Amino acid sequence: MQAFVGRSAVITGGGGGVGQALALKLASAGAQVAVLDLSAEAAQSTAAAVSAAGGRALALACDVSDPESVAETTEAIVGEWGSPHLLCNAAGMQVYGRTEDFPVETWLKIIGVNLTGAFLVCRSLLPHLAKEGGAVVNVASLAGLVGLPYDAAYCASKGGLIQLTRSLAKEFSDRKVRVNAVAPGGVNTAMLDIPFPEDGDPGVLKTIPSAVNGLCEPETIANVISFLLSDEAAHITGTVLPVDGGLSA
Ligand SMILES: NC(=O)c1ccc[n+]([C@@H]2O[C@H](COP(=O)([O-])OP(=O)(O)OC[C@H]3O[C@@H](n4cnc5c(N)ncnc54)[C@H](O)[C@@H]3O)[C@@H](O)[C@H]2O)c1
């Protein structure tokens, strides 16, 4: 049960539903956890939950889409704990909208957080993970595997994140860093509250069976991420594992 004793983990979006569940899971298995979030309060809240459960956590405000913020945060983590061993990119955002009306600023923001953000964090932390060997899990989405309506930017960002994962897995394979992705279907977190376009056709959601039913709890995703980060997954890299109740089958 103490699979991560002596390991330091970094979780972006650690103040969110999946990120918090993962922080608690990894800490309960012995890891010390750096909780990064755009919201300092959310990061602090997760770190407090980890501490209350007897674990060790560091809360850091970080905008993953900002190279300077990522560099400063990396410096802070390494200064505190030395080079980390594990990374989960869970920071993400979603905005639904009709493509013909979709503001380019919103498109760039979504790509900036979901795709460029993961790249920036990997760029900054992978050299540290490579020192002793490590593992990365990127939180992609069913939306990276199939098309979802009114969701072009999010789908494109998550599809890109899956390809980023595969590329990095090969690039770092000789440096003992594994890089994988999970692709959740619907997860019961704040992200589900994002409004569907008012003039959108809700009928299209019937083509996505899990949009209403079949949600899972964030702990279900955290369990799978934890497995992929652990030594039990030692021979798994460059893969994208759907955690969607079979939706993408
Ligand atoms: N909830 C779902 O149904 C679902 C499904 C598939 C994939 N996902 C993915 O799971 C991941 C976790 O999302 P969640 O469901 O826990 O939602 P959430 O909204 O609870 O958590 C997302 C977290 O990311 C943080 N964040 C947003 N922009 C950021 C930035 N620029 N820098 C740092 N942090 C930032 C938010 O503050 C928030 O705490 C996301 O990548 C999301 O796309 C979620």
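Numbers here simply count residues along the sequence, with the first being 1. Computed from heavy atoms alone, side chains included, the values below leave out hydrogens, waters and symmetry copies. In listed order, ligands and their atoms are each counted from 1. Given the structure is predicted, the values throughout are model-derived calculations rather than measurements.
On a distance-only criterion, Tyr154 and ligand 1 share at least one N/O pair closer than 3.5 Å. Taking only nitrogen or oxygen atoms, main chain and side chain alike, Gly19 does not reach within less than 3.5 Å of ligand 1.
Protein heavy atom in closest approach to atom 31 (N) of ligand 1: Asp63 OD1, 2.9 Å. Among all protein heavy atoms, the one lying closest to atom 16 (O) of ligand 1 is Val18 N, 2.8 Å. Of the protein's heavy atoms, Val187 N, 2.8 Å lies nearest to atom 3 (O) of ligand 1. Nearest protein heavy-atom neighbour of atom 11 (C) of ligand 1: Ala90 O, 3.1 Å. With hydrogens left out, the protein atom closest to atom 24 (O) of ligand 1 is Gly92 N, 3.5 Å, a heavy atom. The protein non-hydrogen atom at the shortest distance from atom 9 (C) of ligand 1 is Val139 CG1, 3.7 Å. In terms of protein heavy-atom proximity, atom 1 (N) of ligand 1 is nearest to Thr189 OG1, 3.0 Å. For atom 21 (O) of ligand 1, the closest non-hydrogen atom on the protein side is Gly16 CA, 3.4 Å.
Neither the backbone nor the side chain of Ala143 has any atom closer than 4.0 Å to an atom of ligand 1 (non-hydrogen atoms only). Contact annotation for Thr12 and ligand 1: no heavy atom of the residue comes within less than 4.0 Å of the ligand. Counting heavy atoms under 4.0 Å from ligand 1, residue Cys62 touches it through the backbone alone.
Side chain of Ser141 to backbone of Lys158: no donor-acceptor contact under 3.5 angstrom is found. Judged purely by atom type and a 3.5 angstrom limit, Asp151 has no side-chain atom pairing as donor or acceptor with the backbone of Tyr154. A donor-acceptor contact shorter than 3.5 Å is absent between the side chain of Arg178 and the backbone of Ala135. Judged by distance alone, the side chain of Ser167 and the main-chain N or O of Leu164 form no donor-acceptor pair under 3.5 Å. Ser83 places no side-chain N or O within donor-acceptor distance of the main-chain N or O of Leu129, the cut-off being under 3.5 Å.
Proximity to Lys158 (heavy-atom distance under 4.0 Å) selects the following atoms of ligand 1: 40 (C), 41 (O), 42 (C), 43 (O). Shown in contact with Val113 at under 4.0 Å from a heavy atom are these atoms of ligand 1, numbered in order with element: 28 (N), 29 (C), 31 (N).
The closest heavy-atom contact to atom 36 (C) of ligand 1, among the options Leu38, Asp37, Val121, comes from Asp37. Taking all heavy atoms of Gly185, Cys216, Gly14 into account, the minimum distance to atom 5 (C) of ligand 1 is reached by Gly185.
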Where do Phe4 and Leu229 land on the side-chain contact (heavy atoms from CB on, under 4.5 Å) test, with the steps shown first? CA-CA 9 Å; Phe4 298 114; Leu229 289 175; 4.2 Å; yes
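Taking all atoms of both residues into account, the shortest heavy-atom contact from Ile110 to Phe102 is CD1-CZ, 3.9 Å.
No option in Thr12, Ile77, Val70 other than Val70 meets the side chain to side chain contact (heavy atoms under 4.5 Å, CB included) test with Cys62. Across Asn223, Asn188, Thr189, a single residue satisfies side chain to side chain contact (heavy atoms under 4.5 Å, CB included) together with Glu217, and that is Asn188.
Both Val113 and Leu125 sit in one connected hydrophobic cluster of ILVMFWY residues. Membership requires side-chain heavy atoms under 4.5 Å apart, directly or through other members.
The line from CG of Leu120 to OG1 of Thr73 is 11.5 Å long, rounded to the nearest 0.5 Å.
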